Amino acid sequence: MSTKFVYRFGNGHAEGEGAMKNLLGGKGAGLAEMNRLGIPVPPGFTITTEVCTYYYEHGQSYPPELDAQLREAVAHVEKLVGSKFGDASDPLLVSVRSGARVSMPGMMDTVLNLGLNDTIVEGLAQKIKAASGSPRFAWDSYRRFVQMYGDVVLGLKPESKTEADPFEALLEKKKEARGVHLDTELDEKALRELVAEFKAEIKKRKGRDFPDDPWEQLRGAIGAVFGSWENHRAVTYRQMYNIPSSWGTAVSVQAMVFGNQGDDCATGVAFTRDPSTGERRFFGEYLVNAQGEDVVAGIRTPQPINNASKRQPDEKSLEELMPAAYADLVRTYERLEKHYRDMQDIEFTIAKGKLWMLQTRTGKRTAKAMVRIAVEMVKEGMIDADEAVLRADAGKLDELLHPMLDPSAPKKIIARGLPASPGAAVGKVVFHADEAVAEAQKGERVVLVRVETSPEDIHGMTAAQGILTARGGMTSHAAVVARGMGKCCVAGVSAINVDYGKAQMSVNVDGKVVVVKRGDVLSLDGGKGEVILGAVPMSAPALDEDYAQLMKWVDERRRLKVRTNADTPTDAQTARNYGAEGIGLCRTEHMFFAEDKILAVRQMILADSVGERRRALDKILPMQQKDFVGIFKAMDGLPVTIRLLDPPLHEFLPTEDAQIAVVAEELGVKPDVVRARVAALHESNPMLGHRGCRLAITNPEIYETQVRAIIQAAVEVKRAGVDVQPEIMIPIIGHERELAIMRALVIKAADAALADAREKIAYTVGTMIELPRACMVADKLAAEADFFSFGTNDLTQTTLGVSRDDAARFLGDYVKRGIYPVDPFVAIDQEGLGALMRIGVDKGRSAKPKLKIGICGEHGGEPSSVAFCHSLGFDYVSCSPFRVPIARLAAAQAALKDR
Ligand code: PEP
Ligand code: MG
C-alpha cells in the first residue's frame, strides 16, 4: 500500500489517469482521464480505494496521512475555483460521490452541495444577488444538502421502500400547503422553512444537531460513502455480480457546478449509443434547472436530449433549448467514445450555459446492444474482431437466447431464488405435474410450483412455461432439466412456503403474507431469479445478423469443440441450431420416464427373475431404439455420446399410494407387492448407492439391452443415409476393473447386434469421470476407455462432500461469507476440484496421449469453467442447448487470452 491517498485533478491536469480504475474507482479514473483530454470537468480529487480497505481493516478509521492530504487537496480546488471552503461570503461547495472499480449503479450514496450552513447560505445568497441572480438558488441548494446529508450520512433514509422518507414527507406537506406540484415552484421562504423543519426532524430522530462545520460535514460524507460499500444494496449487488468486497470504493470530491441556478442551467445523463438496442444514436435525458438526483428520482419527467429522440411533439429537447451547449456535448461525447473505443454512459451539468462533464464510464447495455455495438465498432474501424470477441460478456448472451420479460414493465417481486435457468415464464400456478399437463392441454399457460422436482415431474415440467421450486440448487433436478429444455426456472426460493394440501404457496413480503393460490398468475425471471406476482409482458428473442457475425468471429478463434447435453431430437436440433458440434451427454434415463415406457420400466424393476426382467426389457428395446433413431438423425454427421442408465432404480417407482395402486393394477399384482419392492429398494444415500455401472454389475441385462438399442438404431439410420457416430459412455466408474467389465459387456453386445444386422459401424466406448477415485486411477481407466467425459456435477458432489440436491440450504451462506467465491456447482472450484481434474487429465493422457477428453457436467456451459477446461487441454465441453453459444464464446475468449 502506498502513502498517497488523494489524487487531484482540475483545469486539464490530473495526478491519476484512466487506467487507474482499481485505485481511483471507475468514476475517479474517468474524471482524471477527461482532465487529461482537456474536457471541462469541475476540479476536485479522488480518495483511493485503499483508504476504503484501510477503513474496514482498522475499525472504521483513516490512515494518519489522510487528513493533511485532504486539506492540501481542498486548498488546490479552492485555488482553481477561486472561492473558499467554509467561507461565508464566497463559499466553495462540493459534491461527494462513490465510485468502485466497476460501476454499481445506484448502489452507493452521493452528497451534493456540501459546505453550507445557516451563515454560509446567507453569504451565498448575497453573492448571487450581487450578480443579479435569484437567492432562491442558495436556499434550494441548502434544502437539498440538508436532505441528502440527513438521509445518507445521518442515516434517516428508511431501509425499506414501504417506509416513507421523513424529508420527502415534509417536502410533500410543504408543497400541499403552498398549493404547488413541483419542488421548483417552492419560493425562497418555503425553502427556508423546510430547512428549519428538516433540521428539527434530524434533532428529533437522532438527538443531535445538524453539523455546521463544513470540515465535519466533509469527513462525515466521506465516511458515509465508505460505509455505503457495506450497505445491504451494495452487498447484494456484489453477490449478484461476483464483485469481491475487498475491492472497496473510492470517493470523488468535486467543486459543485450548479444546474439549478435558473433556466439557462440543466443536468442530464446520456449514452453515446442506445443501450437497449445498440443503435448508433446519441441518446439521453435532461432536466432544466435541476440537480443530478432529479433526473433519476423521477419527480419531474426528464426531456429528450435531442430532436431525434423526441417521443411527443410538446417535448423540448436540449438541442432546441440550448443549441450551443448541446453542440459542445455532442463534440465531447464523440471524443469520449473515440478515446475509450466503447459506448459511454455520461453525466453532465450545464451551469449558466457552460457544459461540465461529471462522469464518463463504459455504459451498461442489454445483450442485444452488446452484440450490435461490438460488431458495428469493428465495421467502423474502432476495434478489431479479436477485441469484439473478448469484450462480449459470455454470461450475458443468455439474454438473447430466451424469451424475456419486458424490461420496461413494472414488476411486483415477491421472492427471489437461484437464477437456475434463464428466460421468462408467465402462467397460472399449478402444484402438480399432472395438473400442469391437464391445464396445458386446455391451452392454459402454467407455472409449475414444487417444493422440489423429481424425474416423475418431467411431463409437468415439459407442459409448464416455467418452474419454481422452494428447494434445490443450480444442479438440482429442476435446474438441470429446465436448462436442458431451455425453460425458465427459479430454484431454491426458500422464502416460499408450498402447501400442496391447500393448493397454495405463501411468502412474506415486507412483513405482509402474500398467498398465491392455484390458478393465480405468476411471472418468473429465470435470469434474475425473480418471482413476480401477476403477468408481466414478454418480448421474444431475435438472433440477428450482428449475432451471426460475432459468432462467426468466435468460431474462427476457438480451439475447444462445443457439444450439447440433449435427450430428445428436439433438444438436439435446438442445440444444433445454436452451433452444437455433437452430443456430449444423452441421459437415457429421461427416456425411461416417457409415458409409453414407464410401465415396462417398472415391470423390469419389479421383476422377480432374470427371465421376467428380460421380457420387460424386450418391450423397452424397440422404444429406446426409436428414441436413438431420432437423436442420431438430428445429429447427422456429428458424434453422439449416449450414457447408459445412471440413476438408482427406485427413482422410477411410484411413492404415493394412489400411484402405487395404479402400477399394481397395470402389473397385475397387489399394491403391497409394489410397496414391498419400493421399500426393498430404499437407500439411505441413493447418490452413493446402487446406481450407474453398479446397476450393470448386478444386472448386466439392462446395459446389454440399451447397447443393442443404440446399435440397432445406428444401423437403421445408417441405412437411411445418416452419418452416425455413436459413443457409448459408462457412468459412476471408480475402478479399472469395473470399466474393464463394462467395456467387455458393451463390445460383446454391440458386436453381436452388428453381426446380427451384418453391418459395420464404428463406435467407441468411454467413461465418465465423476468420482475422485476415477481421477486418481485415470491412467488405468484410460487403458479401457476411448474417451473421458468429466461429470463435474457428481465429481463436485463427491469431492466436496456436498449433496447437490441439498446444497441450496447452506451454499448461499458459504458464498455470502466468501468461503467459496461462487457456488461450486455453478463454476468449477478450480483450486480443489480443478486439482483433481488436472490429475485425471495428466494421468489419462500419460497412458494414452491422444485420449479424447470432455466435460458434460453443468459447468460445461459456464464461462470460467470453459476457460479452465481449455487450459487443461480438453477436446470439448458439453452443455445444455441454450448455453451452447455461451460456451462457444467462452472458448474463443480463452483461446484469445492464451495467445
Ligand atoms: C455429472 O455428474 O456431472 C453428470 C453429467 O451426470 P448427472 O448430472 O446425470 O449425474
Ligand atoms: Mg453424474
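Values in this document were obtained by computation on a predicted structure and should not be read as measured data. Counting starts at 1 for both ligands and their atoms, in listed order.
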Does either side chain, that of Asp434 or that of His459, offer a donor lying less than 3.5 Å from an acceptor on the other one? yes
For Arg643, is the nearest heavy atom under 4.0 Å from an atom of ligand 1? yes
Ligand-side contact atoms (ligand 1) for residue partner Asn793, heavy atom cut-off under 4.0 Å: 1 (C), 2 (O), 3 (O), 4 (C), 5 (C), 8 (O)
The atoms of ligand 1 lying under 4.0 Å from a heavy atom of Leu585, numbered in the order shown, are 5 (C)
Could you walk me through whether His432 and Arg450 satisfy the side chain to side chain donor-acceptor pair (under 3.5 Å) test, starting with their C-alpha distance in whole Å, then the side-chain angles of each, then the deciding distance to 0.1 Å, before giving a yes or no? CA-CA 7 Å; His432 295 280; Arg450 299 287 301 165; 3.3 Å; yes
At under 4.0 Å between heavy atoms, is it the side chain or the backbone of Leu795 that contacts ligand 1, or both, or neither? neither
Are Arg773 and Thr798 linked by a side-chain donor-acceptor pair shorter than 3.5 Å? no
Looking at side-chain heavy atoms only, is the closest gap between Cys775 and Met837 below 4.5 Å? no
Do the side chain of Lys848 and the main chain of Ala782 share a donor and acceptor less than 3.5 angstrom apart? yes
Here the atoms of ligand 1 under 4.0 Å from any heavy atom belonging to Arg804 are 2 (O), 7 (P), 8 (O), 10 (O)
Looking at ligand 1, would Arg691 count as a contact under a 4.0 Å heavy-atom criterion? yes
Heavy-atom distance under 4.5 Å between the side chains of Val493 and Arg416, does that happen here? no
Result of checking Met461, Lys487, Gln465 against Leu448 for side chain to side chain contact (heavy atoms under 4.5 Å, CB included): Met461
Against ligand 1, does Glu858 come closer than 4.0 Å with any heavy atom? no
By number and element, which atoms of ligand 1 are closer than 4.0 Å to a non-hydrogen atom of Thr792? 3 (O)
Asp794 heavy atoms within 4.0 Å reach ligand 1 at atoms 1 (C), 2 (O), 3 (O), 10 (O)
Glu770 near the Mg ion (ligand 2) via N/O/S, less than 2.8 Å: yes
Between atom CD1 of Ile828 and atom CZ of Phe790, what is the distance when rounded to the nearest 0.5 Å? 9.0 Å
Side chains of Val724 and Pro726: closer than 4.5 Å at any heavy-atom pair? yes
Which atom of Asp794 approaches the Mg ion (ligand 2) most closely (N/O/S): OD2
Specify side chain, backbone, both or neither for Gln797, according to which of its non-hydrogen atoms lie closer than 4.0 Å to ligand 1. neither
Mark up the atoms of ligand 1 that fall under 4.0 Å of a heavy atom belonging to Cys856, in ascending order. 5 (C)
